[in-house]
Amino acid sequence: MEARINIDIKKYLPHREPMLMAAFMPYLDQESSQTHFKIDDSCIFVQNGLLSETGLIENAAQTCATIVGQSFYDPNDTEGTSSNVVGYISAIKKIEILRLPKVGDTIVTNGKLLSRYDNEAFSSCTIASTTFIKEELIVACTLNFLIHEH
């Protein structure tokens with residue numbers, strides 16, 4: 001499958017507002033992804049003007065899950081209607097949060113597939129993620145996922 005550019009992430013994630021934590025996806029291929037998300041004061045994960053640790057983890061999870069999740073869709077499906085995918089964080093292997101972003105900041109999150117195992121029922125994978133505000137690294141984590149159709 002070729003790289004996809006400027007994807008409507010809502011077509012490849014089951015999340016909707018207020019749980020959608022990745023608003024724009026400029027890039028997605030078989031091994032990597034990138035999302036942008038502007039922190040708004042109406043976000044359910046904002047506390048005292050800052051995006052919480054939980055919000056940062058959810059942002060990383062949504063960014064990363066699309067890498068493997070896209071394989072459950074027909075490659076010619078540009079609307080994301082050919083599958084009903086669900087993903088779960090099965091383990092947080094490592095996380096380092098260097099600072100919390102504030103309302104008004106735009107975070108850019110990158111996912112990189114490290115390993116993947118597929119069987120008839122699900123895909124299990126490990127994905128590394130980094131989150132930035134401009135050039136400043138604010139989060140680095142490694143997550144395990146279980147992804148399947150329901």
Side-chain angles (χ1 to χ4, degrees), residues 1-39 43-46 51-101 105-150:
M1 185 182 303
E2 294 180 21
R4 298 176 189 210
I5 308 296
N6 298 327
I7 301 114
D8 179 356
I9 197 167
K10 289 181 184 178
K11 295 176 182 174
Y12 297 99
L13 285 175
H15 305 79
R16 295 295 176 261
E17 288 82 3
M19 287 298 295
L20 186 64
M21 298 299 297
F24 175 65
M25 179 174 251
Y27 187 82
L28 175 65
D29 67 25
Q30 292 300 299
E31 296 182 2
S32 63
S33 62
Q34 183 181 84
T35 64
H36 296 195
F37 183 70
K38 184 172 183 178
I39 313 301
C43 176
I44 63 171
F45 295 111
V46 168
L51 183 63
S52 69
E53 293 87 346
T54 305
L56 288 167
I57 293 168
E58 185 61 29
N59 167 263
Q62 290 179 24
T63 300
C64 293
T66 59
I67 297 169
V68 172
Q70 71 179 320
S71 65
F72 288 85
Y73 290 85
D74 180 315
N76 297 317
D77 180 7
T78 59
E79 297 301 312
T81 59
S82 64
S83 182
N84 198 0
V85 178
V86 177
Y88 308 93
I89 299 172
S90 58
I92 297 175
K93 294 180 79 169
K94 172 191 107 163
I95 188 159
E96 184 177 12
I97 298 176
L98 303 168
R99 95 168 162 95
L100 301 177
D105 286 340
T106 297
I107 56 176
V108 176
T109 304
N110 301 297
K112 176 77 173 141
L113 182 65
L114 300 178
S115 67
R116 177 176 180 169
Y117 169 77
D118 297 313
N119 69 25
E120 294 163 4
F122 63 87
S123 290
S124 174
C125 58
T126 301
I127 302 176
S129 176
T130 52
T131 302
F132 297 85
I133 299 173
K134 297 182 182 170
E135 305 299 316
E136 178 189 1
L137 176 68
I138 63 165
V139 180
C141 61
T142 304
L143 307 170
N144 287 354
F145 293 91
L146 291 175
I147 299 174
H148 64 90
E149 286 186 288
H150 74 91

Atom [atom1] of [X] and atom [atom2] of [Y]: how far apart are they, to the nearest 0.5 Å?
X: Tyr27; Y: Asn110; atom1: OH; atom2: CG; result: 11.5 Å
X: Thr126; Y: Asn144; atom1: OG1; atom2: CG; result: 3.5 Å
X: Cys43; Y: Leu51; atom1: SG; atom2: CG; result: 5.5 Å
X: Ile95; Y: Ile57; atom1: CD1; atom2: CD1; result: 4.0 Å
X: Leu137; Y: Ile97; atom1: CG; atom2: CD1; result: 11.0 Å
X: Cys125; Y: Tyr117; atom1: SG; atom2: OH; result: 13.5 Å

Are the side chain of [X] and the backbone N or O of [Y] linked by a donor-acceptor pair below 3.5 Å?
X: Ser52; Y: Gly55; value: yes
X: Ser129; Y: Cys141; value: no
X: Thr109; Y: Thr35; value: no
X: Gln62; Y: Asn59; value: no

If I compare all heavy atoms of [X] with all of [Y], which pair ends up nearest, and what's the gap?
X: Gly111; Y: Thr63; answer: N-CG2, 4.0 Å
X: Ile89; Y: Phe145; answer: CG1-CE2, 3.8 Å
X: Val68; Y: Ser123; answer: CG1-CB, 3.7 Å

Applying side-chain contact (heavy atoms from CB on, under 4.5 Å) to Ile138 and Leu56, what does each step give before you reach the verdict?
CA-CA 9 Å; Ile138 63 165; Leu56 288 167; 4.2 Å; yes
Only counting residues at least two apart or in another chain, list the ones meeting side chain to side chain contact (heavy atoms under 4.5 Å, CB included) with Pro26.
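Pro26 satisfies side chain to side chain contact (heavy atoms under 4.5 Å, CB included) with Asn6, Phe24, Gln34, His36 once adjacent residues are dropped.
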Considering residues at least two apart in sequence or located in another chain, which fulfil the side-chain hydrogen bond (donor to acceptor under 3.5 Å, both in side chains) criterion with Ser32?
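Once residues adjacent in sequence are excluded, the partners of Ser32 under the side-chain hydrogen bond (donor to acceptor under 3.5 Å, both in side chains) criterion are Asp29.
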What residues form a side-chain hydrogen bond (donor to acceptor under 3.5 Å, both in side chains) with Asp8, not counting sequence neighbours?
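side-chain hydrogen bond (donor to acceptor under 3.5 Å, both in side chains) check on Asp8 returns nothing, list empty.
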List the steps and the verdict of side-chain contact (heavy atoms from CB on, under 4.5 Å) for Ile127 and Leu143.
CA-CA 5 Å; Ile127 302 176; Leu143 307 170; 5.6 Å; no
Between Leu28 and Ile67, does a side-chain contact (heavy atoms from CB on, under 4.5 Å) hold up when you go through it step by step?
CA-CA 7 Å; Leu28 175 65; Ile67 297 169; 4.2 Å; yes
side-chain hydrogen bond (donor to acceptor under 3.5 Å, both in side chains) contacts touching residues 90-99 (sequence neighbours left out):
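Residue pairs passing side-chain hydrogen bond (donor to acceptor under 3.5 Å, both in side chains), neighbours aside: Arg99-Glu136.
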Which residue in the set Thr106, Ile107, Leu100 passes side-chain contact (heavy atoms from CB on, under 4.5 Å) when paired with Ile39?
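When side-chain contact (heavy atoms from CB on, under 4.5 Å) is applied between Ile39 and each of Thr106, Ile107, Leu100, only Ile107 qualifies.
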Residues which pass ring pair (Phe, Tyr, Trp, His ring centres under 6.0 Å) with Tyr88, listed by chain and number, not counting sequence neighbours:
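In terms of ring pair (Phe, Tyr, Trp, His ring centres under 6.0 Å), with neighbours along the sequence ignored, Tyr88 is linked to His148.
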Not counting sequence neighbours, list each pair that qualifies as a salt bridge (charged side-chain N to carboxylate O under 4.0 Å, His left out) and has a residue in residues 110-119.
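Counting only pairs at least two positions apart or across chains, the salt bridge (charged side-chain N to carboxylate O under 4.0 Å, His left out) contacts touching residues 110-119 are Glu31-Lys112, Arg116-Asp118.
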Can you confirm whether Gln30 sits close enough to Leu113 that some side-chain heavy atom of one is under 4.5 Å from a side-chain heavy atom of the other?
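Gln30 vs Leu113: side chains apart.
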